[in-house]
Amino acid sequence: RGWAGDALFGADTGTLIAVGAGVRVGFPSGSRFTTRLDVAVPVRGGRETRRHEVLLRMIDRDTGRLVMPLSFIPALERFSIMPTVDRWVIENAFALYAKHDVGPREEFAINISGLSLNDPGFAEYILERLESHGVPAGAICLEITETAAIQNITAAARFVKTLRKRGIHFALDDFGAGLSTFDYLKNLPVDYLKIDGHFIKYLFEDPVYRAIVQSINTIGHIMGIRTVAEYVETEEHFKAVEELGIDYAQGYHIAYPVRW
């Protein structure tokens, strides 16, 4: 037990960023982690569920500015610290949910790392924290990246099926990034496909991207899965997403992440 240590990660610029400080085995009390809340809105309005995504950030020790995930998560994964952080995010998000007046049609999405899928006690931990904080299971959606799910499809399927039986929803994040077959979706029952933002961002520059987005949306709907477009940053992107029939839009055109 004790400190997990200062995990040093070489960024693309060659700068070494200390990212492990303050992480304990257990909850990193006093750590520099914090969360922000992003929103995804129903494209066609109506009475659809309003989705919020809990985003993990780190506070820079020297400047006090927020550090984006790509600058520290690879190091946390490399040094196997990410499962500890996943548990901190769960505890933090559930505690904040319990403190706020949340409407019946609001859902909160939490990202789960691929390493946590192999943690045999993680599903039980989530259920225990749900009960402890009085959070309804149907208000929570856990997000797993497509890459993590494919790399560990057996563990991912077991994890998803166990928690979906208890009412928790699931989303496949960055869907389409690996351009994998749709066949594995038959064995991985999820509620949302979050279309990789790269396709949305360059939707107007490459007709192939538009075709990929359209096919993901079509197959998702055939399977009864709702779709979410990320990186919706302009009104033009929003209109294109609406035209393609995607269910939810998320990005800077909708809202910027805020403190919860």
Side-chain angles (χ1 to χ4, degrees), residues 4 7 9 19-20 23 33 35 38 40 51 53-58 68-93 107-127 129 140-166 168-200 212-213 216 219-220 223 225-231 248 250:
F9 169 60
V19 298
V23 183
F33 292 117
T35 56
D38 203 6
R51 304 189 77 249
E53 181 177 356
V54 179
L55 304 176
L56 178 65
R57 298 289 185 263
M58 178 174 275
M68 295 296 105
L70 285 178
S71 296
F72 62 85
I73 284 183
L76 296 177
E77 291 177 334
R78 178 184 174 190
F79 289 90
S80 299
I81 302 172
M82 201 61 215
T84 298
V85 177
D86 281 344
R87 290 185 177 227
W88 179 86
V89 174
I90 290 289
E91 169 65 17
N92 180 270
E107 183 178 71
F108 293 81
I110 301 170
N111 293 280
I112 301 300
S113 72
L115 292 175
S116 289
L117 297 177
N118 286 317
D119 181 348
F122 190 50
E124 190 58 38
Y125 172 81
I126 292 171
L127 294 172
R129 300 321 297 162
I140 301 301
C141 178
L142 300 180
E143 297 193 359
I144 306 169
T145 66
E146 180 190 20
T147 302
I150 292 173
Q151 288 176 346
N152 206 343
I153 190 67
T154 301
R158 182 171 58 247
F159 182 75
V160 169
K161 290 174 182 178
T162 297
L163 293 179
R164 277 190 97 233
K165 288 179 182 177
R166 305 295 290 271
I168 293 175
H169 299 143
F170 276 86
L172 272 182
D173 201 6
D174 299 335
F175 192 82
L179 290 179
S180 345
T181 173
F182 289 100
D183 190 58
Y184 73 91
L185 287 176
K186 297 175 184 176
N187 300 311
L188 192 65
V190 297
D191 304 278
Y192 299 94
L193 294 180
K194 296 190 70 177
I195 302 169
D196 185 71
H198 184 78
F199 296 126
I200 304 298
I212 290 172
V213 171
I216 292 173
I219 293 174
M223 299 182 71
I225 303 173
R226 285 162 287 182
T227 52
V228 183
E230 300 181 284
Y231 283 51
Y248 287 87
Q250 181 176 351

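Every value quoted in this text rests on a predicted model; they were computed, and no experiment measured them.
- Of all the heavy atoms in Asn187 and Ala157, the pair that sits closest is O-CB, 3.5 Å.
- Between atom OH of residue Tyr248 and atom CG of residue Leu193 there is a gap of 13.5 Å, rounded to the nearest 0.5 Å.
- At a threshold of 4.5 Å between non-hydrogen side-chain atoms, the residues Lys161 and Pro189 count as touching.
- Between Trp88 and Phe33, the ring-plane angle classifies as tilted under the 30° and 60° cut-offs.
- Counting only N and O atoms by type, the side chains of Asp174 and Thr145 include no donor and acceptor under 3.5 Å apart.
- For Leu115 against Pro83, the heavy-atom pair with the smallest separation is CB-CG, 3.7 Å.
- Atom CG in Asn111 sits 10.0 Å away from atom CD1 in Ile90 (nearest 0.5 Å).
- Contact check for Arg87 versus Asp119: side-chain heavy atoms found under the 4.5 Å cut-off.
- Asp196 places no side-chain N or O within donor-acceptor distance of the main-chain N or O of Gly176, the cut-off being under 3.5 Å.
- Rounded to the nearest 0.5 angstrom, Cys141 SG and Glu53 CD are separated by 9.0 Å.
- Of all non-hydrogen atoms in Glu230 and Ile195, the two that sit nearest each other are OE1-O, 3.5 Å.
- Residues Leu117 and Ala148 share a closest heavy-atom pair of CD1-O, 4.2 Å.
- Taking the centre of each ring, Phe175 and Phe182 come in below the 6.0 Å mark.
- Considering every non-hydrogen atom in both Tyr184 and Ile153, the closest pair reads CD1-CD1, 4.0 Å.
- With values rounded to the nearest 0.5 angstrom, Ile168 atom CD1 is found 10.5 Å from Thr162 atom OG1.
- Atoms CD1 and CG, from Ile150 and Leu188 in turn, are 9.0 Å apart once rounded to the nearest 0.5 Å.
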Point to revise | Derivation and outcome, side-chain contact (heavy atoms from CB on, under 4.5 Å), residues Ile225 and Leu172 | key: CA-CA 10 Å; Ile225 303 173; Leu172 272 182; over 6 Å; no
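- A parallel orientation is assigned to the rings of Phe122 and Phe159, their planes being inclined by less than 30° (bins at 30° and 60°).
- A pairwise comparison of heavy atoms in Arg57 and Met68 identifies NE-CE, 3.3 Å as the closest pair.
- Residue Leu185 holds its CG atom at 8.0 Å from CD of Glu146, rounded to the nearest 0.5 Å.
- A donor-acceptor pair under 3.5 Å is absent between the side-chain atoms of Asp173 and the main chain of Ile144, judged by distance alone.
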